[in-house]
Amino acid sequence: MTAPSDAQAAKQAIETSAARLLATGRRPSIAVLLGSGWGPFADAVQDPLAIPYDELPAFPVLRVGGHSGRVVLGRIGAHEVAVLAGRKHAYETGSADGMKSTVRALAHAGVQVLVQTNAAGSLTHALPPGSTMLISDHINLAQQSPLFGEPGDDRFVSMVDAYDPALREAARAAVAGLGEGRDTIGEGVYAWFMGPQFETPAEIRMFQLLGAQAVGMSTVPETIVARHAGMRVLAVSLLTNMAAGLSAEKLSHAHTLASAAAASQRAVAQLTAVVRGMVP
Ligand code: HPA
């Protein structure tokens, strides 16, 4: 017998993972992928059932601080959700397909909407650290794609309205209904910079000229895979800092995490309202 091709192995991993998720009896229609600072959102899940990524072959092997990632199945309001804590970034391997099989397994399990979250640097003083931003569009500066090598004409996937306009409108309405101090969320273009080093001030000036309002090292590959799989996408950035050269702050991952932690309560309250308010 010949060894299965990579494509066959990936297909099998996707099917096995979807079957494992569905064997719980849960039927998530919305998946929420948590980025830096968004971890407490998992606590908003009612009737939670956690599955470690280790048990799902289409999910990435993560070894950050000795913990594997996990999927938390449960409910937010009337919706069945799958909340993913843990993401593989392109800067870890140089390849944009670290979450490809994961997103496909979710689609295979019947998930129709992918909600992404991330931490990002702000390119505008209109979005100071601590604020949140709905992503309206992105710029794939890295010019990397999880669809490299994909066969078939459906690889030429349209990226117009990749961040679903109706979901964004519903998200704005849900946030507007929150109390004082929590009812504002920005909207703008996210530039994907592959990292892992932070940007130079000259790069940041270029991204501003290109029309971006935020810069970060994630999200875009997953959006591309999700659109290819026919899922609708919503994405929210938590701006943890002014980007390089725009303030006197010294950038570091520790600073990103500390700043995200300080702002996460408000961001998580907004995201909870956004998911609750989604029309399936
Ligand atoms: N640049 C890139 N990624 C980030 C930043 C940033 O300034 N802040 C948080 N993630």
Side-chain angles (χ1 to χ4, degrees), residues 32-41 60 62 64-65 69 84-96 98-99 115-144 146 163 185-224 233-268 270-271:
V32 184
L33 177 53
L34 302 179
S36 301
W38 293 89
F41 180 79
L62 304 174
V64 189
L84 278 68
R87 170 196 254 141
K88 189 113 186 154
H89 295 85
Y91 59 69
E92 295 174 58
T93 60
S95 151
M99 296 299 286
V115 179
Q116 296 207 63
T117 62
N118 61 42
S122 175
L123 301 177
T124 165
H125 291 285
L127 293 167
S131 53
T132 45
M133 182 189 97
L134 288 166
I135 298 180
S136 59
D137 202 349
H138 74 228
I139 301 175
N140 183 347
L141 287 160
Q143 278 296 287
Q144 297 292 313
Y163 300 91
I185 188 162
E187 191 154 356
V189 173
Y190 175 89
W192 175 36
F193 183 80
M194 193 131 144
Q197 75 287 353
F198 283 108
E199 304 75 26
T200 66
E203 286 166 341
I204 292 302
R205 288 193 296 276
M206 176 179 80
F207 304 163
Q208 288 175 316
L209 287 173
L210 293 176
Q213 282 74 46
V215 60
M217 303 181 194
S218 69
T219 306
V220 167
E222 295 91 337
T223 297
I224 295 170
V233 177
L234 182 76
V236 193
S237 292
L238 172 56
L239 286 320
T240 51
N241 55 280
M242 294 309 296
L246 299 182
S247 87
E249 280 168 347
K250 188 166 155 30
L251 298 185
S252 68
H253 189 54
H255 179 273
T256 297
L257 294 181
S259 173
S264 77
Q265 212 185 4
R266 175 179 184 275
V268 163
Q270 289 187 337
L271 185 64

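Treat the numbers as computed from the prediction; the structure is a model and nothing was measured. Numbering of ligands and ligand atoms starts at 1, following listing order.
Counting heavy atoms from C-beta on, the side chains of Met217 and Phe198 come closer than 4.5 Å.
The salt bridge (charged side-chain N to carboxylate O under 4.0 Å, His left out) contacts involving residues 196-214 comprise nothing, where partners must be two or more places apart or lie in separate chains.
Checked by atom type and distance alone, the side chain of Ser122 pairs as donor or acceptor with a backbone atom of Thr124 at under 3.5 Å.
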Which pairs of donor and acceptor atoms, one on a side chain in residues 254-265, lie under 3.5 Å apart (sequence neighbours left out)?
unit_1	atom_1	unit_2	atom_2	d
Thr256	OG1	Ser252	O	3.3
Ser259	OG	Thr240	O	2.5
Ser264	OG	Ala261	O	3.4

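Applying the ring-ring contact (aromatic ring centres under 6.0 Å, His included) rule to Tyr163 yields the partners His138; only residues at least two apart in sequence or on another chain are considered.
For the 3.5 Å distance criterion, the side chains of Gln116 and Thr223 qualify, holding a donor opposite an acceptor.
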N/O pairs closer than 3.5 Å, ligand 1 and protein:
unit_1	atom_1	unit_2	atom_2	d
ligand 1	1 (N)	Glu199	OE1	2.9
ligand 1	1 (N)	Glu199	OE2	3.1
ligand 1	7 (O)	Asn241	ND2	2.9
ligand 1	8 (N)	Gly121	N	3.4
ligand 1	8 (N)	Asn241	OD1	2.7
ligand 1	10 (N)	Ala119	O	3.4

